[in-house]
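Here the structure is laid out as structure tokens; the discussion comes afterwards.
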Amino acid sequence: IHVQQLYKMDAKKQLRILVAGDVLGEVEKLYKRVANVQKKSGNFDCLICTGSFFKADGTADAMWMKFVKGTERACIPTYILGPCTESQVIHYVKIPHGGDLCENVTYLGPEGIQTTPGGLKLGFLSGTFDPSNEKHEDDNDNVVHHTFTKNEIQKLSSRADKPSFNGVDILVTSFAPSNIMQHAGTKPDTPLENFCLGAAAAATALKPRYFFTGGCNVFYERQPFSNNVSKMSPKPVTRYFSVARVGNAEKKKWLYAFNIIPTCYMDPVALCSAPATTTPNPFKSQEAPAQPDTFFFGQTATQDDRKRKRQDSMYGPAPGQQSYAKDSRTSSDCWFCLGSANVEKHLVTSVGKVVYLALAKGGLTKDHVLILPIECFPASVGINQEVKDEIEKYKSNLRKMYQSEGKSCVIWERNVRSKHLQIQVCPIPSEKAQTIREVFVNKARATGPNFVFEELPLGTNLDDVMEENRPYFLLELPDGARLLHRVSGRGFPLSFARGVLASPEVLNMPGREDWKACQTDKETETSFQKEFRAKFKPFS
């Protein structure tokens, strides 16, 4: 195992990563080796698997079945890619968008960018490329495919067009990118094979610091290559690795270890420093500099400009207008940006593509949770559609979980003196669902004559009725009704919702209005997190 330390900075922010090649169902071999490595070298933060995790026919060894049944567990948090053959699809049908296959083994999804609890930005693209179709014929989000099309590449590229995007720390794809050997000074002992044009397009869009692929039984470390489009806007270089198959008979390296400090903690100058061995970008023609986003689709500049204008309308207004999306980057001093050192990561229970779920600090109940965007959006007003959709998905899944326990839930957002969007979800007994509206309205009336709720018509977009920068309190009731209070002046009671829920009319928990009075030790919080994670898993 080769351990490379890229930068000498704060050790607390440095992550230790393991990367494996195609597992091909050799689960026991993989984790036996990982366990030995951790025994000798200490624990790593996560394991990332390239290529195919299961055999081509969809089978795996007995150890995998023990993982699925829960009689054994993976010894390290593991991220894997999706199917590369039709027979492998069966393992992913229950979680088409990504999620936990078993404890400590997470399917990343078809394509996207995920931020890990340690703040690492992980880009991914699963499967084999189908160049014959613009998109899948059964273009259904709930269908799992072992191939991807230009449509998936467009989705991935659109994430890179956001104003806040500054590359990913790691990109992992199932196969090696086309043209990767162009400008390469060193060659692998065995030629790479199974090249993928889509993987090259993903690398062009995401500009990863590290790029790992599987798909062939070769270990190869290429010299770093440049991602710079302009000297005025330097980008980090990319270090590319092909990793061999797990347990291969030729004893080629199939487990690679390295240290990395996530981009959000890096000094910009150090981040963009290029070694003397850096080569030109292998995916771009050197005769005529390519436009940043035209690789793969061959768009003209005019088409690209139109595309950017459409995306500006989606992610933010024209220059000169305020946009929350333009500020949607990690803040190092924020308590809720997932990449911030201040986040209490032992409270995190689920991490999606752009949104995550965490237990509330000093929660009213053990299963009082927060839905939070991974990046720093101050409120629901102004967020982009991707964040909205994933927030709604989490709400729906939480409602199903609480319902399975005979409970309903109350959801609220307080956009008052709040730097980072927090959507709080707290369960209540189902028998309280019929009276909860009346309790909230009465408590609001008792607070003062200016505390008035208006009910939003079904399907109303909050952006259409609230201005940006205007404080508000939004309440969602068990019956789906949404009550909005437009806050004016000072004096809004920050613990209003907690006070109502803690009252005798609802949970009857006197003294729990203030979260600070409800804090417990880290060990207890960790046990609550594990308990919640286990019961939420079937609904995520």
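In this chain, numbering begins with 1 at the start of the sequence shown. None of the values given here were measured: they were computed from a predicted structure.
- For Arg73, the salt bridge (Lys or Arg N to Asp or Glu O under 4.0 Å) partners are Glu103, not counting sequence neighbours.
- For the pair Leu347 and Glu525, the minimum side-chain heavy-atom distance is below 4.5 Å.
- Of the N and O atoms on the side chains of Thr263 and Arg209, at least one donor lies less than 3.5 Å from an acceptor on the other residue.
- Here the side chain of Arg482 pairs no donor or acceptor atom with the backbone of Leu456 at under 3.5 angstrom.
- Glu390 and Lys353 are not joined by a salt bridge, as no carboxylate oxygen comes within less than 4.0 angstrom of a charged side-chain nitrogen.
- Checking Gln14 against Tyr265 by side-chain atom types alone, no donor-acceptor pair falls below 3.5 Å.
- No more than 12 heavy atoms of other residues, nucleotides or ligands lie within 6.0 Å of CD in Glu438, so this atom counts as exposed by the packing criterion.
- The backbone N or O of Phe67 lies less than 3.5 Å from no partner atom in the side chain of Thr71, so there is not a single donor-acceptor pair.
- Across every non-hydrogen atom of Ala358 and Leu372, the tightest pair is CB-CD1, 4.3 Å.
- No side-chain N or O of Ser430 forms a donor-acceptor pair with one of Tyr402 less than 3.5 Å apart.
- The backbone N or O of Leu357 lies less than 3.5 Å from a partner atom in the side chain of Thr349, making a donor-acceptor pair.
- Side-chain contact between Tyr394 and Val355 is present, with heavy atoms from C-beta onward closer than 4.5 Å.
- Between Phe536 and Phe532, the two ring planes are parallel [angle under 30°; tilted spans 30° to 60°].
- Side-chain contact, Thr149 with Asp130: no donor N or O sits under 3.5 Å from an acceptor N or O.
- A salt bridge links Glu392 with Lys395: the closest approach of a Lys/Arg side-chain nitrogen to an acidic carboxylate oxygen falls below 4.0 angstrom.
- Expressed to the nearest 0.5 Å, how far CG of Asn415 lies from CD of Gln422 amounts to 10.5 Å.
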Show your reasoning for whether side chain to side chain donor-acceptor pair (under 3.5 Å) applies to Ser495 and Glu513.
CA-CA 6 Å; Ser495 298; Glu513 296 85 354; over 6 Å; no
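- A donor-acceptor pair under 3.5 Å links the side-chain atoms of Thr116 to the main chain of Leu120, judged by distance alone.
- Looking at Asp514, its side chain does come within 3.5 Å of a backbone N or O of Lys516 through a donor-acceptor pair.
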List the steps, then state whether side-chain contact (heavy atoms from CB on, under 4.5 Å) holds for Val506 with Thr435.
CA-CA 9 Å; Val506 189; Thr435 58; over 6 Å; no
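- Checking side-chain atoms of Ser404 against main-chain N and O of Met401 turns up a donor-acceptor pair under 3.5 Å.
- Between the Ser540 side chain and the Lys537 main chain, a donor and an acceptor come within less than 3.5 Å of each other.
- One finds the CG atom of Leu206 at 5.0 Å from the CD1 atom of Ile113 (value rounded to the nearest 0.5 Å).
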Test side-chain contact (heavy atoms from CB on, under 4.5 Å) applied to Glu344 and Lys361, step by step
CA-CA 9 Å; Glu344 296 194 48; Lys361 183 78 170 176; 2.9 Å; yes
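- With respect to Lys121 and Asp169, no salt bridge is recorded, no charged nitrogen being found less than 4.0 Å from a carboxylate O.
- Atom CD1 in Ile95 sits 7.5 Å away from atom OH in Tyr107 (nearest 0.5 Å).
- Between Cys426 and Leu507 the shortest heavy-atom distance is SG-CD1, 4.3 Å.
- Atom CD1 of Ile90 has 12 or fewer heavy atoms from other residues, nucleotides or ligands within 6.0 Å.
- In plain terms, the two heavy atoms of Arg498 and Arg512 that are nearest each other are NH2-O, 2.9 Å.
- With Ser157 contributing its side chain and Gln154 its backbone, the two residues share no donor-acceptor pair below 3.5 Å.
- Listed by chain and number, the residues in a salt bridge (Lys or Arg N to Asp or Glu O under 4.0 Å) with Asp463 are Lys388 (sequence neighbours excluded).
- For Val144 against Pro83, the heavy-atom pair with the smallest separation is CG1-CG, 3.9 Å.
- Looking at heavy atoms from C-beta onward, Phe148 lies out of side-chain contact with Pro110 at the 4.5 angstrom threshold.
- Using a 4.5 Å heavy-atom threshold, the side chains of Thr50 and Thr173 count as separate.
- A side-chain donor from one of Asp521 and Thr524 sits under 3.5 Å from a side-chain acceptor of the other.
- Using a 4.5 Å cut-off on side-chain heavy atoms (C-beta onward), Leu101 and Tyr92 make contact.
- Surrounding NZ of Lys535 are more than 12 heavy atoms belonging to other residues, nucleotides or ligands, all under 6.0 Å away.
- The main-chain N or O of His420 is found under 3.5 Å from a side-chain atom of Ser418 such that the two form a donor-acceptor pair.
- For the pair Arg414 and Phe473, the cation does not sit on the ring face, since its NZ or CZ is not both under 6.0 Å from the ring centre and inside 45° of the axis.
- Considering every non-hydrogen atom in both Val387 and Pro373, the closest pair reads CG1-CB, 4.1 Å.
- Between Glu455 and Arg437 there is a salt bridge, since at least one side-chain N of the basic residue sits less than 4.0 Å from a carboxylate O of the acidic one.
- For the atom pair CD1 of Ile428 and CG of Leu501, the computed distance is 7.0 Å after rounding to the nearest 0.5 Å.
- Contact check for Phe54 versus Trp64: side-chain heavy atoms found under the 4.5 Å cut-off.
- Using a distance-only test at 3.5 Å, with no hydrogens or angles considered, no donor-acceptor pair links the side chain of Glu111 to the main chain of Leu125.
- Annotation: the span from Cys409 atom SG to Gln424 atom CD amounts to 12.5 Å, rounded to 0.5 Å.
- More than 12 heavy atoms of other residues, nucleotides or ligands lie within 6.0 Å of CD in Glu454, so this atom counts as buried by the packing criterion.
- Among residue pairs with one or both ends in residues 342-375, those qualifying as ring-ring contact (aromatic ring centres under 6.0 Å, His included) are His368-Trp412; sequence neighbours excluded.
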Would Leu475 and Leu484 satisfy side-chain contact (heavy atoms from CB on, under 4.5 Å), going step by step from the backbone distance to the final call?
CA-CA 6 Å; Leu475 176 70; Leu484 174 67; over 6 Å; no
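- Rounding to the nearest 0.5 angstrom, the gap separating the CD atom in Gln114 from the CG atom in Leu338 is 9.5 Å.
- Between the side chains of Tyr31 and Thr78, at least one donor-acceptor pair of N or O atoms lies under 3.5 Å.
- Nearest heavy atom pair, residue Ser126 against residue Gly109, reads OG-O, 2.8 Å.
- Considering only heavy atoms from C-beta on, Ile17 stays 4.5 Å or farther from Asn259 through its side chain.
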Would Cys337 and Glu375 satisfy side-chain contact (heavy atoms from CB on, under 4.5 Å), going step by step from the backbone distance to the final call?
CA-CA 5 Å; Cys337 284; Glu375 295 185 326; 5.9 Å; no
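- Taking the six-membered ring where the residue is Trp, Phe496 and Phe451 present tilted rings, their angle falling between 30° and 60°.
- Two residues are said to be in side-chain contact when any heavy atoms from C-beta on lie closer than 4.5 Å; Pro378 and Lys419 fail this criterion.
- Few gaps surround CD on Glu505; more than 12 heavy atoms of other groups in view lie less than 6.0 Å from it.
- Taking a cutoff of 4.0 Å between a charged side-chain nitrogen and a carboxylate oxygen, Arg399 and Glu476 qualify as a salt bridge.
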